[in-house]
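Quick notes on the structure that follows.
Since we're looking at a predicted model, the values are computed, not measured.
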Amino acid sequence: MPRISTQMEDIAMGDVLRTDYQKSVAAYWNAEKDPVNIRLGEVDGLYHHHYGLGDYDPSVLHGDPETREQRVIEEMHRLETAQAEVLLDHLGDIAPGDRLLDAGSGRGGTSFMANARFGCHVDGVSISEQQVAFASEQAEKRGVADKVRFHFRNMLDTRLETGSRRAIWTNETTMYVDLLELFDEFSRLLEPGGRYVCITGCSNDVTGMRSKAVSRIDEHYTCNIHPRSEYFKALAANNLVPIQVVDLTPDTIPYWELRAQSSVATGVEDPFLTAYKEGSFHYLLIAADRI
């Protein structure tokens, strides 16, 4: 039986993980302890699950070899935090009384940044129970558990109140779900005029079928990268009208070039760099308003 007595309780596993694919994705993230996520988060306690933006300082690669590794880790973390700042910049006017949703919230880094910037309430949802537990512990440590909460939920069916969100974001999580189904849920949750912001990698329809490099990224993360056009079709079908579209591809390449030279490289760096540079893959920010 579902164990839902209040909107803020988590939901029974069978109601969250409804397909074998969702179960496999949850298992992947429950087991994940990748240093590229953990070690970067240890720099200042903000744990992210996304990539970075901006030029890196080349001096981190030179100098004392004994401290090179830590310099590179800190610089990569600076770039990934800068990416989250760019996302938050596009949420629009947020008041302390507003409620936001971090859909696919990982270990909570961007949720904490949003609360610190706006003073608002943030709910994060993830199908990884381990991520939810980790982020919830971080909220307690930070003393913000009354305003930043994390839930074992499926972002396709959050069970949150209709029209309750001023803004919603996804940060590199849409490749795990059907976009029409996802944006239907977001359209339901957003108040009229509310804002949805997405940062995602997407395959370039203009080049035709997905490239070998994009397929390798899919395989690495057990995901299904969507073509660029599918985002705009799904947004339009769900009363979400883009107000800004930013191609972040040139800004993310330096992060990957630095990561490829780091001790926390995972082997997926070359496919990303190849896909970006050959034009088969784009890194986009889309901000859309609910009409």
- Task: State yes or no: are the ring centers of Trp256 and Tyr51 separated by less than 6.0 Å?
- Result: yes

- Message: Test of understanding: with ring-ring contact (aromatic ring centres under 6.0 Å, His included), list the residues that count as partners of His50, not counting sequence neighbours.
- Response: His48

- Message: As a test of understanding, state which of Phe118, Phe150, Tyr47 forms a ring pair (Phe, Tyr, Trp, His ring centres under 6.0 Å) with Phe112.
- Response: Phe150

- Message: My understanding is that a hydrophobic cluster links ILVMFWY residues whose side chain heavy atoms are under 4.5 Å apart, including indirect links. Using that, what else belongs to the cluster containing Val241?
- Response: Ile291

- Task: Sequence neighbours left out, what passes salt bridge (charged side-chain N to carboxylate O under 4.0 Å, His left out) with Glu137? Give chain and number order.
- Result: Lys141

- Item | Partner set under salt bridge (charged side-chain N to carboxylate O under 4.0 Å, His left out) for Glu219, not counting sequence neighbours | none

- Which residue pairs pass the ring pair (Phe, Tyr, Trp, His ring centres under 6.0 Å) test when at least one of the two sits in residues 221-246, sequence neighbours left out? His226-Tyr231

- Note on the structure: Distance col, row Asp205:CG vs His282:NE2, nearest 0.5 angstrom, shows 9.5 Å

- Query: Which distance, rounded to the nearest 0.5 Å, do you find between the NE2 of His77 and the CG of Asn37?
  - Reply: 11.5 Å

- Any side-chain donor-acceptor pair under 3.5 Å between Asp123 and His151? yes

- Please report the C-alpha distance between Glu191 and Arg290 in whole Å, then the side-chain angles of each, then the deciding distance to 0.1 Å, and finally whether the salt bridge (charged side-chain N to carboxylate O under 4.0 Å, His left out) criterion is met. CA-CA 7 Å; Glu191 63 183 50; Arg290 168 71 163 90; over 6 Å; no

- Message: Taking side-chain hydrogen bond (donor to acceptor under 3.5 Å, both in side chains) as the cut-off, I'd like each qualifying pair that reaches into residues 245-255, sequence neighbours left out, listed once.
- Response: Asp247-Thr249, Tyr255-Arg259

